[in-house]
There are 2 protein chains.
Amino acid sequence: MTTLTIGKVAKAAGLGVETVRFYERQGLIAEPARSDSGYRQYGPETIRRLQFIVRAKALGFTLQEIGDLLDLRATPGAGCADVQARAEAKIADIEERITQLEAMKRALGELVVQCRGEGPLSDCPILDALDEEAP
Amino acid sequence: MTTLTIGKVAKAAGLGVETVRFYERQGLIAEPARSDSGYRQYGPETIRRLQFIVRAKALGFTLQEIGDLLDLRATPGAGCADVQARAEAKIADIEERITQLEAMKRALGELVVQCRGEGPLSDCPILDALDEEAP
DNA sequence: CTTGACCCTGTACCTTACTACATGGTTTAG
DNA sequence: CTAAACCATGTAGTAAGGTACAGGGTCAAG
């Protein structure tokens with residue numbers, strides 16, 4: 001059987017060795033078997049698991065949520081609907097953050113257009129707005 | 001002259017006492033005069049400065065950036081254009097984050113619609129995608 | 001056999017923006 | 001006058017997701 005060192009699985013997943021150990025501490029990957037000298041010995045399935053983590057992170061899931069997703073996968077009786085619910089919750093979460101950012105962007109944009117980009121700071125509408133916006 | 005305790009200025013700005021002290025440590029507000037017993041004594045201008053900080057935070061500026069903005073205000077020769085540039089940079093920053101989030105949302109949305117919300121996890125298109133997406 | 005590239009553990013540090021004590025002095029309301 | 005409410009300092013902890021050593025053992029090439 002093939003065994004892979006931590007360096008190999010890390011590289012294969014595009015992660016650093018320290019990060020893989022960190023994920024182990026976080027419970028995202030199981031503690032692997034050890035060689036006589038104490039080296040971690042992984043099977044190829046660990047690379048897939050790490051890639052799962054990397055991809056889920058790219059979709060905006062936190063490590064905690066990814067852990068839940070991985071646990072779910074091992075839960076008898078869990079169904080597609082459970083995963084779907086989590087994905088939908090994450091979408092809602094992302095939408096909320098977008099809404100927040102859009103509001104900031106809009107408010108900043110309004111200030112920027114009021115500013116001609118000329119003159120001293122004493123006349124700057126941006127600073128004025130920060131200074132004395134209505135409570 | 002009116003002097004305000006830290007509790008008063010904190011409350012007026014909608015902050016906690018600890019937060020005001022934290023802002024002092026961060027250099028966002030000056031170290032105030034002290035009473036005989038060592039109490040911080042603020043003038044009303046500190047409330048405005050704290051409110052400035054609160055509003056700038058609401059617009060998405062980090063404390064570091066707010067510090068720069070406040071310093072700028074005290075820089076002779078600095079102009080409106082400098083402030084405008086920072087506001088525009090922040091807008092660009094926010095847009096980048098929105099773009100990132102939109103991409104996540106779109107990717108997640110595509111997975112969710114592929115999922116009928118029925119059946120076992122072994123058939124879940126969402127987990128499948130995380131498991132074996134093309135590299 | 002030596003050198004360099006790995007691996008191990010454990011701990012500490014990074015960012016951002018606070019928040020929470022512990023311990024003790026001060027001020028104010030009743 | 002006393003008790004509550006406030007203020008002081010200093011240290012440490014929080015979330016999230018790592019990164020960086022220090023100090024030491026191990027493995028493969030030449």
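Chain letters run A, B, ... following the sequence lines, proteins first and then strands; every chain starts at 1.
Atom-to-atom, CD of B:Glu24 to P of D:dC7 comes out at 13 Å; the value is rounded to the nearest Å. Regarding B:Ile29, its CD1 atom lies at a distance of 15 Å from the C1' atom of C:dA17, rounded to whole Å. Taking atom CG on B:Leu50 and atom C1' on C:dC18, their separation rounds to 15 Å, with Å as the unit. If you measure from atom OH of A:Tyr23 to atom C1' of D:dT19, you get 12 Å, rounded to the nearest angstrom. The CD1-P distance, from B:Ile66 to C:dT16, rounds to 12 Å in whole Å. Summarising the geometry, the separation between CZ on A:Arg25 and P on D:dA20 is reported as 14 Å, rounded to the nearest angstrom. As rounded to whole Å, 17 Å separates atom P of D:dA8 from atom CZ of B:Phe22. Distance, B:Gln41 CD to D:dC7 C1': 12 Å, rounded to whole Å.
Looking at which nucleotide of DNA chain D each of B:Tyr42 and A:Phe61 is closest to, the 5′-most match is held by B:Tyr42. In terms of position on DNA chain C, the residue among A:Thr5 and B:Gln64 whose nearest nucleotide sits closer to the 5' end is A:Thr5. Remark on DNA chain C: of its neighbouring residues B:Lys57 and B:Asp36, the 5'-side contact belongs to B:Lys57, judged by nearest-heavy-atom nucleotide.
Contact between the side-chain N/O atoms of A:Arg40 and the OP1/OP2 oxygens of C:dT9 is found at a separation under 4.0 Å. Within the structure, every side-chain polar atom (N or O) of A:Ser37 is placed at least 4.0 Å from both OP1 and OP2 of C:dC8.
B:Leu121 and B:Leu108 fall within a single hydrophobic cluster, where Ile, Leu, Val, Met, Phe, Trp and Tyr are joined by side-chain heavy atoms under 4.5 Å apart, directly or via other members.
Side-chain contact between B:Leu72 and A:Leu127: absent, with no pair of heavy atoms (C-beta onward) separated by less than 4.5 Å. A:Leu59 is not listed as a side-chain neighbour of A:Arg55, based on a closest heavy-atom distance of 4.5 Å or more. Residues A:Leu50 and A:Tyr42 form no side-chain contact, since every pair of their non-hydrogen atoms from C-beta on lies 4.5 Å or further apart.
For the pair A:Arg73 and A:Phe52, the cation-pi test (distance below 6.0 Å, angle within 45°) is passed.
Within the 4.0 angstrom heavy-atom criterion, no nucleotide atom of any strand lies near A:Ser35.
Among C:dC8, D:dG18, D:dA8, the nucleotide with an atom closest to any side-chain atom of A:Arg34 is C:dC8.
Heavy-atom distances under 4.0 Å link DNA chain D to A:Glu18, A:Thr19 of residues 6-21 of chain A, given in residue order.
At a threshold of 4.0 Å, the pair A:Glu95-B:Lys105 counts as salt-bridged, since one of the basic side-chain nitrogens sits closer than that to a carboxylate oxygen. Between B:Glu45 and B:Arg48 there is no salt bridge, since none of the side-chain N atoms of the basic residue sits less than 4.0 Å from a carboxylate O of the acidic one.
Residue-to-nucleotide contacts include a donor-acceptor pair under 3.5 Å from the side chain of A:Tyr39 to the base of D:dG25.
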